[in-house]
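Chain letters run A, B, ... following the sequence lines, proteins first and then strands; every chain starts at 1. Heavy atoms only: backbone and side chains are in, while hydrogens, waters and symmetry mates are out.
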Amino acid sequence: MIEVQLPDGAKRELPDGASPMDLAEGISKSLAKKALYARVNGKDWDLVRPLPGDAKVELVTRDQAEGLEIIRHDTAHILAQAVQELFPGTQVTIGPAIEDGFYYDFARDEPFSTEDFEAIEKRMADIVDRDLPFVREVWDRNDAIRHFESIGEKYKAELIRDLPETEEITIYRQGDWIDLCRGPHLPSTGRIGKAFKLMKVAGAYWRGDHRNAMLQRIYGTAWANENQLKEHLQRIEEAEKRDHRKVGRQMGLFHMQEEARGQVFWHDGGWTLYRTLENYMRRRLQAENYQEVKTPMLIDRTLWEKSGHWEKFGENMFTAQTEDGEVLALKPMNCPAHVQIFRTGQRSYRDLPLRMAEFGSCSRYEPSGALHGLMRVRGFVQDDAHIFCLENQIEDETKAFIDLLTSVYADLGFDDFIVKFSDRPETRAGDDATWDRAEKALRDATAAAGVEVIMNPGEGAFYGPKLEFVLRDAIGRDWQCGTLQVDFVLPDRLDAEFTGEDGAKHRPVMLHRAILGSFERFIGILIENYAGKFPMWLAPTQIVVATITSEADGYALEVEKALKVAGLRAKADLRNEKINYKVREHSLAKVPVIAVVGRKEAEEKTVALRFLGEEGRNQEVMALDAACEKLSGEATPPDLKRS
RNA sequence: GCCGCAGUAGCUCAGUGGUAGAGCGCGUCAUUGGUAAUGACGAGGUCGAGAGUUCAAUUCUCUCUUGCGGCACCA
């Protein structure tokens with residue numbers, strides 16, 4: 001007999017050789033039905049795999065997030081089986097579970113098309129119906145390599161060859177189809193269910209390396225039941241409606257066109273939003289004792305050579321040549337220019353920390369495939385700043401920065417964001433002791449600021465560790481917005497120095513930091529976050545004065561004027577249209593407030609206010625001057641509201 | 001940059017080897033209507049660009065270009 005202990009502490013006796021499935025069946029029929037796999041002494045374990053002896057056993061069911069991961073992984077396996085049944089000669093590679101689904105990478109000369117999906121899905125359903133047991137087998141490493149090579153699966157053979165010698169080679173069999181896999185899997189294909197759907201095909205490099213062959217990746221989604229699948233598809237549909245490219249067009253905020261790839265034509269509405277954001281940031285920075293500067297966009301290559309950008313970043317820089325052969329580059333970053341300002345005159349340790357900010361226009365020749373609406377552009381403006389400081393000021397400056405960033409994000413509607421901590425890369429400048437200190441300073445500062453970080457090992461810049469502040473777009477894609485990077489290298493390369501307490505010259509440390517990242521990307525995220533329904537202070541048009549009859553035209557213009565004098569972005573709509581039409585149109589245009597004026601309001605000098613999306617607040621009738629005061633209060637930017 | 005898919009009116013989209021159509025929007029006229037679409041009429045397209053096949057190409061083929069989805073990239 002063996003004794004198993006359940007998560008709640010309860011103990012049960014089972015005969016030798018019993019499996020987690022036997023355990024589940026012993027507890028209840030429904031549990032046995034819902035169970036997908038087990039965790040035995042903390043290790044993932046197939047339900048039908050005999051227990052190793054006395055053990056702590058936890059059963060994972062369909063309702064649990066971890067269970068879903070296994071369903072997705074299993075679905076990837078049946079996708080691979082279905083594809084190989086339908087398209088002989090296709091090689092399989094890898095197929096993991098990912099957020100919301102799974103993918104599988106195939107090697108095949110002919111491209112897959114979404115038109116193949118129906119047939120593949122049908123075959124997958126068929127494999128589920130076959131209810132093939134997943135059988136775990138431990139193979140000899142060389143036998144496995146020989147086997148996969150003999151059937152032409154060179155990618156699988158390569159995978160096995162690269163597994164550490166100590167690793168057990170496990171193969172899972174489903175019917176006559178086998179795959180190299182760590183497991184665990186469900187007892188049989190029938191348990192997967194049919195709440196899956198293939199979503200898209202895409203190219204993907206073997207092992208994520210662009211020097212390798214391009215494989216064909218099929219993405220799919222899979223859920224515990226049909227209902228979850230339906231909800232997921234609906235969520236995607238809803239999210240697509242928030243796409244900033246779509247909303248931006250509908251609201252006339254900006255456009256882009258062929259002749260200026262990756263650059264933005266800001267229209268009146270979008271530029272109003274942009275300037276509102278810029279003014280807000282300027283106030284926030286001023287309050288934190290930043291100075292603001294403006295530096296040239298075109299700078300001679302010699303400076304970029306000195307800074308190291310020409311060598312490291314030259315591929316991504318736009319250049320211009322003068323008639324006498326001088327080569328200039330559009331700045332991809334502001335840092336070298338800021339060092340030039342720092343270098344003018346004498347700097348003392350008393351001047352540090354010196355916080356130099358710029359809304360800096362940068363240009364980068366981004367790879368064509370990377371361009372994406374406002375999120376990834378070739379011409380953009382960073383809310384950039386460089387903090388020149390002493391090494392022992394890094395921690396305080398970082399803490400202050402994180403506090404500022406957190407407050408700005410909260411003002412802009414983002415309470416949740418991810419912080420990634422990228423530490424020393426393999427090739428780096430600076431000695432290990434310096435890196436130790438820099439990383440510790442950053443870690444301590446994040447802890448002091450109370451933010452949790454996700455480690456991103458080896459991804460730091462060559463000149464220092466960095467923090468990345470990541471926001472998520474409507475479709476779940478992550479975008480780095482804020483950043484803070486510690487730099488010991490550039491001050492040295494560009495010869496920045498200050499006089500220390502000791503009277504000697506020293507190198508300052510530079511902190512490169514941005515909160516929004518770029519106005520373009522951040523506005524893209526902002527549009528998606530609010531689905532275009534901006535809070536009053538950000539809305540391009542804050543209020544429309546809509547007339548019911550032309551008799552109220554004169555009064556409507558009076559109202560518009562009064563609202564404008566009160567600092568509001570108001571527009572009068574005197575068109576010869578019904579009020580229903582106007583309300584609908586401006587509501588769809590996401591104008592936060594509509595002031596309706598008819599004969600009655602004109603006589604009484606009142607306005608009837610209608611608030612977007614706030615059913616309970618509809619129809620507040622008030623005197624014009626009271627409305628001006630109330631609305632300008634509501635339209636006050638959050639930082640000014642606090643002060 | 002790589003793989004795949006796509007480009008038809010301002011927008012969303014239908015369609016065809018014989019030079020195009022809808023809805024919305026736009027314009028004109030009528031209507032002055034109290035909180036999510038008033039009606040009638042009208043204008044508007046080198047069917048992304050170039051080349052090829054063909055008696056004939058928006059439609060088929062190729063190249064380019066841009067967009068979309070991924071991958072790679074994001075110093």
Q: So what does A:Ala204 touch, heavy atoms closer than 4.0 Å: a base, only the sugar-phosphate, or nothing?
A: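 Result for A:Ala204 = sugar-phosphate.
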Q: A:Tyr219 near the nucleic acid: base, sugar-phosphate alone, or nothing, with a heavy-atom cut-off under 4.0 Å?
A: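 Sugar-phosphate contact only.
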Q: Which class fits the ring pair A:Phe414 and A:Tyr409: parallel under 30°, tilted 30 to 60°, perpendicular over 60°?
A: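 It falls in the perpendicular class, over 60°.
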Q: Below 3.5 Å, does any donor atom in the side chain of A:Tyr205 face an acceptor in the base of B:G70, or the other way round?
A: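 Not at all, since no donor on one side and acceptor on the other fall under 3.5 Å apart.
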Q: Measure the acute angle between the ring planes of A:His309 and A:Phe313, then classify it against the limits of 30° and 60° as parallel, tilted or perpendicular.
A: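 Plane angle over 60°, so perpendicular.
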Q: Examine B:C11: is either OP1 or OP2 under 4.0 Å from a nitrogen or oxygen in the side chain of A:Arg245? Give yes or no.
A: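 For B:C11, neither OP1 nor OP2 has a side-chain N or O of A:Arg245 closer than 4.0 Å.
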Q: Mind checking whether A:Tyr463 and A:His512 have parallel, tilted or perpendicular rings, split at 30° and 60°?
A: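 Rings of A:Tyr463 and A:His512: parallel, as their planes differ by under 30°.
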Q: Dot-bracket for RNA chain B, 5' to 3', with Watson-Crick and G-U pairs under 3.5 Å, [ ] for crossing pairs and | for other-strand pairs: what is it?
A: (((((((..((((....[..)))).(((((.......))))).....(((((..]....))))))))))))....
Q: I want to check one thing: is the phosphate of B:C74, taken as OP1 and OP2, less than 4.0 Å away from some side-chain N or O of A:Arg521?
A: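 For A:Arg521, the contact criterion (side-chain N or O under 4.0 Å from OP1 or OP2 of B:C74) is not met.
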Q: Round to the nearest Å and state the distance from A:Glu577 atom CD to B:A40 atom C1'.
A: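 Rounded to the whole Å, the gap is 14 Å.
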Q: Is the A:Trp271 ring parallel, tilted or perpendicular to the A:Trp266 ring (thresholds 30°, 60°)?
A: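 Correct class here is tilted.
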Q: Within this structure, what is the CD1-to-C1' distance between A:Ile548 and B:U32, rounded to whole angstrom?
A: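 Nearest whole value for this atom pair: 11 Å.
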Q: Round to a whole Å and report the spacing from CD of A:Glu115 to P of B:G4.
A: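 Taking CD of A:Glu115 and P of B:G4, I get 15 Å after rounding.
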Q: Any donor-acceptor pair under 3.5 Å between the side chain of A:Glu601 and the base of B:G34?
A: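 Answer yes: a donor N or O sits under 3.5 Å from an acceptor.
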Q: Starting at CZ of A:Arg584 and ending at P of B:A36, how long is that distance when rounded to a whole Å?
A: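 Between P of B:A36 and CZ of A:Arg584: 10 Å.
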